[in-house]
Amino acid sequence: MTEPVDHPAARALAERHRLRIWEAIPWLLALGFFFAFPKHLGFGTELLVTVLFAISLDLVLGYAGIVTLGQAAFFGAGAYTVGILAKQGIWHEPITGLLLAALVAAAVGFGSGLVLLRTQGLTLLMLTLCTMALLEEAANLAHDYTGGFDGLDSLPIAPLFGRFEFNPLYPTTQYLYVLAVLFVCFVFVRMLVYSPFGQSLRGIRENMLRMHAVGAPVRGRLVLCYTLSAAIAGVAGGIWAQANAYVNLGTLGLDRAATVLIILVLGGHGRLYGAFIGAVAYISLSHFLARIYPTAWQLGLGLLLVVIALFARNGILGIAAALRRPAHRAAS
Amino acid sequence: MTFGVDVASMLLGGVAAGMVLFIVSVGLSVTMGLMGFVNLAHGGFAMLGGYAIALAMRHWGFGFVSALVFGFVLTAAVSAVLERVLYARLYGADELDQVLFTIGLVFMMIASVTLLVGPENQPLALPSFLRGQLDLGILQYRAYSVVLIAVGVVIVAALWLGFERTRLGAQIRAAVDNRRMAESLGINIARLFTITFAFGSGMAALGGGLGAEFLGLDPQYALKYLVYFLIVVAVGGLGRVTGVFYAALLIGVLDFALKKYVPQGGTAFIYALTILLLLWRPQGLFGARAT
Amino acid sequence: MSTPPLLETRALYRNFGALAAARDINFRLEAGARHALIGPNGAGKTTFVNLLTGVVRPTTGAVLLKGRDITGVAQAERVKLGIARTFQINRLFRRLSVLENVYIAVAERVGAAPSMFRPAGRRRDVVDESMRLLETLKLSGDAARRISELPYGRQRLVELAIALGLKPEVLLLDEPAAGVPSAESHIILDAIDRLPREIAVLIIDHDMDLVFRFAERITVMVSGAVFATGSPREIAAAADVRAVYLGQASRG
Ligand SMILES: Nc1ncnc2c1ncn2[C@@H]1O[C@H](COP(=O)(O)OP(=O)(O)OP(=O)(O)O)[C@@H](O)[C@H]1O
Ligand SMILES: [Mg+2]
């Protein structure tokens, strides 16, 4: 047995995954919101679902470096799984319903990933877009099951644990349920990104050719990552359908895919908490501005994106890190 | 007999639509191939150009043809400025940054047009000589479609000649094939980019105006047809003028025929076909195989 | 028949369009060899390394490892069989720390990389091995720094560290000191000198002092074909080699 190496870099890597105290803040805030704003739990639920969706994107985009415009395909797959099963009277139980949503979305992710991830760059971007558009068209066509353009509403979702009703007017159950599911998924993703698997995803993001040259089965890793991300996006879609008791074509559209991309990049991708920051910033702003001045909102959002792309490539958390770094260097 | 006429009229309609697709997409193809830039704002230039043309005709007393020229020049000028000031900063950057930047730009375009002109569809009144029917022997057909086809053929011929026979065209082809080689031959890449980009956006503007008749013209145009333009480019092969032409015709006719015979599943079929095609040939139907 | 060489190519050809980047290459690398591959720019040296590692597939011909035909074996599989390389132009994980760069390679080799359910840092064996490797290359002082913050010469050392983290039997070094100021290049060359004899090394370089000091065998490539092979003494003495290459190099 050799001695462990005692070096600051080794220690930093060995302790990277440790929980920091500040990591409790988002969860405390989320709980605080529940008690402080009982009238705005619908808004809060939407926010939490968005965070979950953005986290699913962070896994593929932020960690594995797959630039996709089609993440809503999986959100929609999950949402329609819940919607169709409930509407057809096949399945109403929410938690197992989410598992089914995850399963279906994962299957879509696995199937499409297996073929799409052979390509890169522009072609990959196009194909993610096409896959999502194809799914949207398919959902539109199968209106006997999906309700077509109008979607499915008044979904009969069974009470949680057989006791807690999903009341659309007082979404207390929804809020806590979504928060719990978000927490579980977040813990899973956090574990993933700090694992050796997550480290190899970063490697693929940074230099795919080198990953081949160290003997990594790059495509297999990417497909696996894509599938897991799809499953989580499916959970987000499924829970969105349950919480709102409806599902429509919008869950599958370019709008939703672009929005989640914007949210993630706004917060900072590849940083785990970027999804939280981005979702809070975006959803709050859009909640107040987009209703009143939709056009000005779009203009401002466009400007913001241009500025981020040109000057602040790592989002809000990236700016924060950049501000912190010179201070660190001066200190050390 | 009627079946033959049906097929002929379907072909005409499809080819006319394909011409518009071609005129809009050709710039996107060349800029993507030349600069490796993911320009999701390309549809926005088509939309802006369409508006310039519609407004010039309605309010500023332009005729149809002079309005088209006006739209082309204005859009090309605006895009040249944008290219120099903004796009150029992101050459060689991550695709993600390019995607974000161009999505942001589209949003700004859509919002500005909505604010300045309004969200409603802009009718584009065709001059009377384009409105009637044309007797083509076996069938009567809308004069405008026939003219569109003629215009498209002229444009593709001109572009082909320009691409194959002029110095500038040769430089662009060289730069698409091997950027570094072109640079080492002393080609001024930055200038080439600006010219190509401006020209491509100008073409998009033309397409926006010419196609408004059946694609409509509202602020959402910028995103609504983006997937179609991208598909044409991907199928045709990046940076290939003739490839984009064939791909646009193919998709125009296919779309027209499918809408007619299977109004339900037509679009889905095109998406599925595109996916299969790109898996089979990632470089597109007419693109050069990468070594 | 005697034991087959460690790595061997038979009648290897590779065309890029009309260009023959590899022409009828019959090459042998013996176990523990110190072999140099030299030749003018564009001779096809990097292409040859790409053929050996599976980045590029030969048009015709075969690559054999210990007598086994690996021509159809994928790049990643060849790494598992013991072939590692460095790149002429750095291919590093630029936004990751030096330690993480090496960690990725070591984790891949020991089979830790697919694991999802425990933190990377808990694999102390991988962390420690990576750290020790950095120490032997005198890189541990930079272990926590990002690649992008490192001077180019140090980055070249990380290239080497990643390859060594794979514990190869065959190490292919494509101009390991390229782009490094000559005042610093000796650090890299020292590291190469200290490589254990179990590793067979094929080095490409334009620095003739290095090549003639380090190599026990030299292959000269010109226009995609092997022009001459022999001991350093034989190569130095060959008038035609000097004419096609060494003369140019000393003039240039
Ligand atoms: N993927 C490729 N596609 C087309 N041509 C290629 C490709 N790779 C290499 N070549 C060509 O093959 C020839 C040999 O290139 P290679 O890089 O192997 O030379 P080299 O001996 O390593 O040169 P240098 O000393 O400059 O590194 C060159 O003419 C190069 O342009
Ligand atoms: Mg080389």
Side-chain angles (χ1 to χ4, degrees), chain A residues 61-62 65-69 112 114-116 118-143 205 254-255 258-259 261-262 264-266 269 293-313 315, chain B residues 32-33 36-38 40-41 44 86 89-90 93-116 118-119 219 223-224 226-228 230-231 233-235 238 262 264-279 281-284:
Chain A
L61 178 76
I66 304 169
V67 181
T68 168
L69 275 174
S112 61
L114 212 52
V115 282
L116 303 196
R118 289 197 298 192
T119 64
Q120 286 175 39
L122 288 180
T123 315
L124 179 56
L125 196 74
M126 278 290 313
L127 286 175
T128 59
L129 205 56
C130 274
T131 312
M132 184 175 68
L134 180 64
L135 232 54
E136 188 182 359
E137 273 301 308
N140 192 16
L141 285 178
H143 43 68
R205 175 191 75 197
L254 178 59
D255 259 5
T259 305
L261 181 67
I262 292 168
L264 181 62
V265 173
L266 185 63
H269 57 290
Y293 310 108
T295 312
W297 159 249
Q298 194 177 33
L299 189 66
L301 184 61
L303 188 64
L304 186 67
L305 284 179
V306 168
V307 170
I308 287 181
L310 289 175
F311 303 110
R313 299 191 178 175
Chain B
M32 271 181 159
F37 201 104
V38 187
L40 302 183
L86 298 177
R89 291 166 182 262
L90 287 174
D94 281 358
E95 280 150 38
L96 179 62
D97 290 320
Q98 301 179 348
V99 164
L100 288 173
F101 166 71
T102 51
I103 288 184
L105 211 56
V106 177
F107 281 6
M108 290 173 73
M109 288 173 178
I110 294 176
S112 317
V113 169
T114 310
L115 281 178
L116 294 174
L223 282 176
K224 213 178 342 181
L226 183 65
V227 177
Y228 259 66
L230 285 169
I231 284 179
V233 170
V235 171
L238 293 180
V262 260
Q264 292 297 306
T267 321
F269 184 74
I270 289 187
Y271 293 143
L273 213 60
T274 307
I275 293 173
L276 290 179
L277 180 90
L278 288 185
L279 288 173
R281 282 177 70 92
Q283 76 278 26

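The sequence lines fix the lettering, A, B, ..., with proteins before strands; numbering per chain opens at 1.
In this structure, CG in A/Leu304 is found 10.5 Å from CE in B/Met108, a value given to the nearest 0.5 Å. In this structure, the separation between CG on A/Leu69 and CG on B/Leu226 is 9.0 Å, given to the nearest 0.5 Å. The distance from atom CG of B/Leu40 to atom CG of A/Leu125, rounded to the nearest 0.5 Å, is 6.5 Å.
The candidate from B/Ile231, B/Thr274, B/Val227, B/Val233 with the greatest count of non-hydrogen atom pairs under 4.5 Å with chain A is B/Ile231. If you tally non-hydrogen atom pairs under 4.5 Å between each of B/Ile110, B/Val106, B/Leu86, B/Leu105 and chain A, the highest count goes to B/Ile110. Contacts with chain B were tallied for A/Leu303, A/Leu129, A/Thr119; A/Leu303 has the most, counting heavy-atom pairs under 4.5 Å. Note: A/Leu305 leads A/Ile262, A/Val115, A/Leu305 in heavy-atom pairs under 4.5 Å with chain B. Interface summary for chain A: among B/Leu96, B/Val99, B/Leu115, the most heavy-atom pairs under 4.5 angstrom belong to B/Leu96.
Contacts of B/Ala234 with chain A are made by side-chain atoms alone, with heavy-atom separations under 4.5 Å and no backbone atom involved. At a 4.5 Å heavy-atom cutoff, A/Ser112 makes no contact with chain B through either its backbone or its side chain. With a threshold of 4.5 angstrom between heavy atoms, B/Ile270 does not approach chain A through any atom at all.
Minimum interatomic distance between B/Ser112 and A/Leu299 (heavy atoms only, all atoms of both residues): OG-CD1, 3.6 Å. Residue B/Ile275 comes nearest to A/Leu127 through the heavy atom pair CA-CD2, 3.8 Å, listed as atom of the first residue, atom of the second, then distance. Across A/Cys130 and B/Tyr271, no two heavy atoms sit closer than the pair O-CB, 4.1 Å. Taking all atoms of both residues into account, the shortest heavy-atom contact from A/Ala309 to B/Leu100 is CB-CB, 4.2 Å.
A heavy-atom distance below 4.5 Å is not found between the side chains of A/Val67 and B/Val38.
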